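In what follows, a single structure is set out as structure tokens and then discussed.
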Amino acid sequence: MKISLITWNINSVRLRMPLLEQLAGALDPDVICLQETKCPDGKFPSSAIRKLGYDHMAINGQSGYHGVAILSRIPLTNIDKKSFCDMGDSRHVSADLALSAPAQSPIRVHNFYVPAGGDVPDPAENPKFAHKLGFLNEMESWFLDKKAGHIDRMVLVGDLNIAPFEHDVWSHKQLLKVVSHTPVEVEHLEKVRLSRGWVDLMRDHVAHDEKLYTWWSYRARDWSAADKGRRLDHVWVSPALSDFAGETRVIRDARGWERPSDHAPVLYRFET
DNA sequence: ATGGTGGCACCGCCA
């Protein structure tokens, strides 16, 4: 069975419904994981999304900030929304893809929006950075304790707001003290990855000396020409899924669409 | 070296 999944920080789901439609039309993914929906659940554009063919939704939104959602053509079960750091922020939703094909065990999808962390990379001085590190610590212990569930086949996607490797940013040297690429965050993220042996599929598919970005600031005069990007969005799979043939692809074109998000969608396609 | 843009909701906050 072929499955395709897109993760995308959409930066307002209501404002960018036309772009969501364009994306779904162009790539026809089975599952779409959104971050920064910026939309309370009561105002979520469910009927418009259903018209695109996504009858199953797991949404965790709030007014104005954050917000995540899983849109799916495949039925979703065991929907779970965890609040990290007791903040009540809408930064996580997970669900099982209830695959109908015979002998197909479910695949659990985790969709995360990790705190950006503010500007100053010092937890003593900047509570937002402390929150980011605390959030990552809690992710790690949650997965270590297996409180996230016992399913072997798992996908973790989302805006993790960290670009871990040298060529995940346009200038390793210039960004070493910039939040999203500091060594302390990268170490925290690596601990989360190790908690379940998650495989960083995007980087697996692109050589470590090649640049790979998913985000370009709105503040650049010409984002594409300057190309000062960062790889903030990720596709991780559990070891049980990593053996299946798969591909990941950054839909860079979408960054240049009309009134775009500052993040490009990332496509993950595999056969199981 | 600085400030640049964007979304939401409120008259600033967050990214």
Side-chain angles (χ1 to χ4, degrees), chain A residues 7-23 33-45 48-49 59-69 83-92 111-123 125-136 157-164 168-171 173-182 185 188-189 213-234 252-266:
Chain A
T7 178
W8 189 24
N9 179 321
I10 193 170
N11 190 16
S12 173
V13 66
R14 283 174 288 178
L15 191 71
R16 285 186 235 291
M17 270 310 295
L19 296 194
L20 186 63
E21 187 173 351
Q22 191 175 342
L23 184 72
C33 294
L34 299 175
Q35 304 87 35
E36 281 208 88
T37 53
K38 295 185 174 176
C39 179
D41 292 352
K43 294 183 180 172
F44 198 80
I49 285 168
I59 57 179
N60 181 14
Q62 66 185 83
S63 186
Y65 305 100
H66 324 311
V68 288
S83 167
F84 287 79
C85 305
D86 289 321
M87 303 272 292
D89 284 354
S90 296
R91 296 181 178 276
H92 168 261
N111 180 13
F112 278 95
Y113 176 51
V114 172
D119 288 330
V120 181
D122 176 358
E125 208 175 305
N126 172 12
K128 287 185 207 160
F129 196 69
H131 178 213
K132 184 177 199 174
L133 299 182
F135 192 100
L136 293 162
V157 298
D159 178 2
L160 305 186
N161 263 315
I162 297 171
D168 290 339
V169 294
W170 63 277
S171 168
K173 211 173 161 182
Q174 288 182 75
L175 288 173
L176 265 174
K177 290 179 179 170
V178 173
V179 172
S180 73
H181 193 60
T182 65
E185 296 165 76
H188 277 66
L189 186 69
Y213 311 138
T214 65
W215 173 88
W216 294 261
S217 170
Y218 282 126
R219 296 176 191 178
R221 210 169 296 159
D222 182 337
W223 70 273
S224 190
D227 203 23
K228 292 184 172 179
R230 304 179 201 171
R231 183 170 72 107
L232 302 180
D233 303 274
H234 297 262
R252 184 182 166 116
D253 283 359
R255 179 63 180 81
W257 289 349
E258 187 81 20
R259 293 201 81 184
S261 166
D262 45 354
H263 292 253
V266 180

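On a predicted model such as this, the values are computed, not experimentally measured, just so you know.
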Atom [atom1] of [X] to atom [atom2] of [N]: distance rounded to whole Å?
X: A:D159; N: B:dA15; atom1: CG; atom2: P; answer: 10 Å
X: A:Y218; N: B:dG7; atom1: OH; atom2: C1'; answer: 8 Å
X: A:R219; N: B:dA15; atom1: CZ; atom2: P; answer: 12 Å
X: A:W8; N: B:dA15; atom1: CH2; atom2: P; answer: 20 Å
X: A:Q62; N: B:dA15; atom1: CD; atom2: P; answer: 11 Å
X: A:K38; N: B:dC14; atom1: NZ; atom2: P; answer: 12 Å
X: A:I10; N: B:dG7; atom1: CD1; atom2: C1'; answer: 13 Å
X: A:L15; N: B:dA9; atom1: CG; atom2: P; answer: 11 Å

Expressed as a whole number of Å, how far does the [atom1] atom of [N] sit from that of [M]?
N: B:dC10; M: B:dG4; atom1: P; answer: 26 Å
N: B:dG7; M: B:dC11; atom1: C1'; answer: 15 Å
N: B:dG3; M: B:dA15; atom1: C1'; answer: 16 Å
N: B:dC14; M: B:dA9; atom1: C1'; answer: 12 Å

salt_bridge(A:K177, A:D122) N-O dist < 4.0 Å: no
Sugar-phosphate only, base, or nothing, as touched by A:S63 at under 4.0 Å among non-hydrogen atoms: sugar-phosphate
5' priority, DNA chain B, between A:N9 and A:G64 [closest heavy atom]: A:G64
Residue whose nearest DNA chain B nucleotide is more 5′ - A:Y113 or A:P40: A:P40
Output field: ring centroids A:F112/A:F84 closer than 6.0 Å: yes
Base-pairing assignment for B:dA9 (Watson-Crick or G-U wobble, both under 3.5 Å): none
A:E36 and A:S12, any side-chain heavy atoms less than 4.5 Å apart: no
Below 4.0 Å: OP1/OP2 of B:dG7 and any side-chain N or O of A:R259: yes
From B:dG12, B:dA15, B:dG6, nucleotide with atom closest to A:Y65 side chain: B:dG12
Partners meeting ring-ring contact (aromatic ring centres under 6.0 Å, His included) with A:H188 (sequence neighbours left out): none
Residue pair A:S261 / A:N11, side-chain donor-acceptor N/O under 3.5 Å: no
